[in-house]
Amino acid sequence: MSILLGLNTAVRALLAQQQAINTTAHNIANANTPGFSRQQAMLAPTDPFTVPGSNRTGLAQQIGTGVTISEIRRIRDQFLDVQFRQRNELLGYWETASRELSQMENTFSEPTEHGLGYQMSQFFNRWRDLSNDPRNVAVRLALREEASNLAAFIRDAYAHLKEQQAAIDERVVIQADQINSISDQINALNDQITKVVAVGDTPNDLMDRRDLLIDDLSKLVKITKIEIPTGSVSISVGGIQLVGPGYATHIDTPLVNGYHDLQWADGTSVSILGGELKALLDMRDVEIPDKLVNLEALADGLIDTVNAQHRTGYGLGGAADNGLDFFGNLDGTAADTADTDNAAKIDIAALIRAFNGENRIAASSTLAGVPGDSSNANSIASLQFGLLLGGSGAPVTQSNSSSDSANLTGIYTGTAPMSFVVRVAAVDGLGRITSVEVSTDGGSTFGAAVAVTSNAASVGNGLTITFDAAGTANTVGDTFGFDRNSTFEDFYRGMIATLGVQSQEAARETVNQQSLVRNVQQARDSAAGVSLDEEATNMVKFQRAYEAAARLVTTLDEMLDTLINRTGTVGR
Amino acid sequence: MPLGRITHNMIADTFQANLSEISRRLQKVHEELSSGQRLRRPSDDPPSVIQAVSLRSTIQTNDQYLRTIDLSKTWLESTESALNNLTDVLQRARELAVQGANAALGPAERRALANEVDQLVGGAVAAANTSAGGSYVFAGHAITTQPFTVSGSTVTYNGDNGSMSREIGPNLLISINVTGDRSDASIKTVIESLITLRDDLNNNAGSAVSNDVGTIDSALDAVLKLRAETGAKVNRFDFVSQRLQDIKLELTRLLSNTQDVDMAETITRFQLEENVYQSALQAGAKAIQPSLLDFMR
């Protein structure tokens, strides 16, 4: 045992306290760094010396040799990370859904006097004006103007939704790129971390960076994370590994049917189950198409019912102004309700749009009635309370079977949840369809059979399937179609109500998830965040210990001074 | 709120999150106050928005019906005043016919009477050709063609029997016009009866003139029938108009209840949110600042 052992201990103390102060400095420096977890220098006594005891013969005695830093520990609660990422994924979903849905709401400008509902009422009211004064050119011009506005509103709404869909599609690509970039970065970090762990160190800051990347990723898409003992993490999206030890793959975005699909390198689809990306896909592939189909149904309904009534009437030009369409296509061609993009191109018919075309508007229902008769204008005005007829979405097709078992399949798409797949459930001896089965989930499950009575089957949601069988028999091979039993206004209100409820729910969920994410984030901060008060206290603590160790060196030095310079001076 | 350590970032984050939440609420109340409207978009309150859209459409259509009623009433009033004129003309013609039937009258005196009746014929034709807003009221659908032309002793009706229907309620159509040559009450026959009287007076045919008194009486009956009919329609339009206005008042009140801001309530809420906002700012300013470092030398 020597005084020099004490010096060694003091030096160790100096170094250890210095190291601890460095850690404190690192914590303070990163107090505001996102994703940083506070670090703690874990102080541990060094291994003691065993020396033979001087007062206890035969027994060894252990002398402490000082202190060392056993590890710099990252303080973090992995369980909270899991919670945070689950919440973050839901937040990402609802935030995005809410943003997109509220943009869709803007398209229809309800409930204002610039909304589509208002314009539709105005349109029918202008027909009533025409009925009051059927030969007044000003009234005719006002009607033409209003009809033109209504058509333009429908076209604009359609174009807005299409633009939104295209913008979402671009975001899908950007987010796929982000996921790929994160995958690469995690792969690089995995590599570095594995190397550091292999030599027995803990790469705290690298792990923080990787955790932050995983946090970001969890908002984009639902992920599953597995920790691997070598220090790597493996992350899967939809059951397929995105990044793992020494492995990172990319999500490709090839164009499929005009939109970007998400595919793995081998061409299989990526199954996206949550997060912002899922919301974007839902909006792009379900919600916007649904609104587009609704607009289409509205445009089809206008074209179908107004044109049919208008054709029966006569304009001021008499016989020459009979049998004309009121609505047509923007390019001047005749409208066809079988088209699926009428909402994109509806306009008043070319002949009516032309110079003096307002005089061709058919207010009279008979040739002799021109110019005083306005009963056709009355009939068109009353369509406002009539049924919105006309099909939309994919046409229903059927295949005629050679045997007595009939097949009837088709998809009708309308207001949610108005997607139906229909098939024949039973036919009678003459091959007449006696009942049909209806599925609202794309054909995976079918409800109870609906009986066909009087050539019609009610499939719910105000829809009936009618079999056009000239009133004789509805045998396989007959054409059939869907009828919508709602008026223009009911239909439109239903569409706005659905959108409103969806948007409201998304907004409510966003607020909920925000608060839940904040709670978990608070819990995480509580465990891992840097407290400046705590660091200041530590700073003083380590500073004092350092000072004391320094004082120890001085003391030992004085002791040596006593021993070397002041002892054995007798003979001098 | 976790029970463990509280870090400075937690305090700052909580403060920020709460402040933005309060600001959001304040902004919403402010928007309601400054616009006066509670509903800005469908998601604000879907059922109320749908009700508002529905009410607005009903109000719009009601207004349209009221406008139709106003226009129709102008038409009916023109019809009524023309029929009034016809009545006056016929009454005067009846007096003249009674005078002319007097056996003591000579040809010259009858011719003098015939001259006055001729004036009356002109008046009757003018009344029968009355127009409202450029459209002949008794012409049926041929509103741009002068319905009655007289040449010599022949009256021609150029109109038709077309009825003009006006919608004054959902699927409620009312015909507003009187055509000139109805089988039950013909204005053409009325004019013809005057012409016959004139010609009989000119021809000094005393007994024929006394027969004409009866013809003019039945012409008067016909015109009175048309007046009664038109008057009944005016009353009906008045009644519907009154009812539509009552409904409009009620609907407007409902719409206002549905979409307009309750000012007293909203201002109270605004002040409450404002207080919360200011308290949050004050508390935040106190909670964020202090640190142990302030007290260390």
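Every chain is numbered from 1, with letters handed out A, B, ... down the list of sequences. Predicted model only: the values in this text are computed from it and were never measured.
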Which portion of [X] sits near chain B, non-hydrogen atoms under 4.5 angstrom:
| X | value |
| --- | --- |
| A:Arg128 | both |
| A:Ser131 | both |
| A:Met539 | side chain |
| A:Arg38 | side chain |
| A:Leu532 | both |
| A:Glu489 | side chain |
| A:Thr112 | backbone |
| A:Val501 | both |
| A:Val370 | backbone |
| A:Ala377 | neither |
| A:Ala536 | both |

Which atoms form the tightest heavy-atom contact between [X] and [Y], and what is the distance?
| X | Y | value |
| --- | --- | --- |
| A:Arg493 | B:Ile50 | O-CD1, 3.3 Å |
| B:Thr144 | A:Pro371 | OG1-CG, 3.6 Å |
| A:Asp373 | B:Ser163 | OD1-O, 4.2 Å |
| B:His141 | A:Ala368 | CB-O, 4.3 Å |
| A:Arg135 | B:Ser135 | NE-OG, 3.2 Å |
| B:Thr14 | A:Gln522 | OG1-NE2, 2.9 Å |

Query raised in the report: For chain A, which of B:Asp160, B:Thr61, B:Leu173 has the most heavy-atom pairs under 4.5 Å?
Result: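 When all of B:Asp160, B:Thr61, B:Leu173 are compared, B:Thr61 has the most.
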
Report task. Name the member of B:Ala52, B:Ala139, B:Ala17, B:Gly162 that forms the most heavy-atom pairs with chain A at distances under 4.5 Å. Result ->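 When all of B:Ala52, B:Ala139, B:Ala17, B:Gly162 are compared, B:Ala17 has the most.
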
Distance alone, cut at 3.5 Å: any donor-acceptor contact between the side chains of [X] and [Y]?
| X | Y | result |
| --- | --- | --- |
| B:Arg41 | A:Ser503 | no |
| A:Ser121 | B:Ser57 | yes |
| A:Asp129 | B:Gln64 | yes |
| A:Ser382 | B:Glu167 | no |

Are the side chain of [X] and the backbone N or O of [Y] linked by a donor-acceptor pair below 3.5 Å?
| X | Y | value |
| --- | --- | --- |
| A:Asp533 | B:Ser291 | no |
| A:Asn378 | B:Ser165 | yes |
| B:Gln60 | A:Tyr118 | yes |
| A:Asn132 | B:Ser72 | no |

Query raised in the report: Quick check: are there more than 12 heavy atoms from other residues, nucleotides or ligands sitting under 6.0 Å from NE2 of A:His26?
Result: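 More than 12 within 6.0 Å, yes.
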
**Report entry** Under-4.0 Å salt bridge between A:Glu534 and B:Arg5
**Finding:**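 Yes, charged N to carboxylate O under 4.0 Å.
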
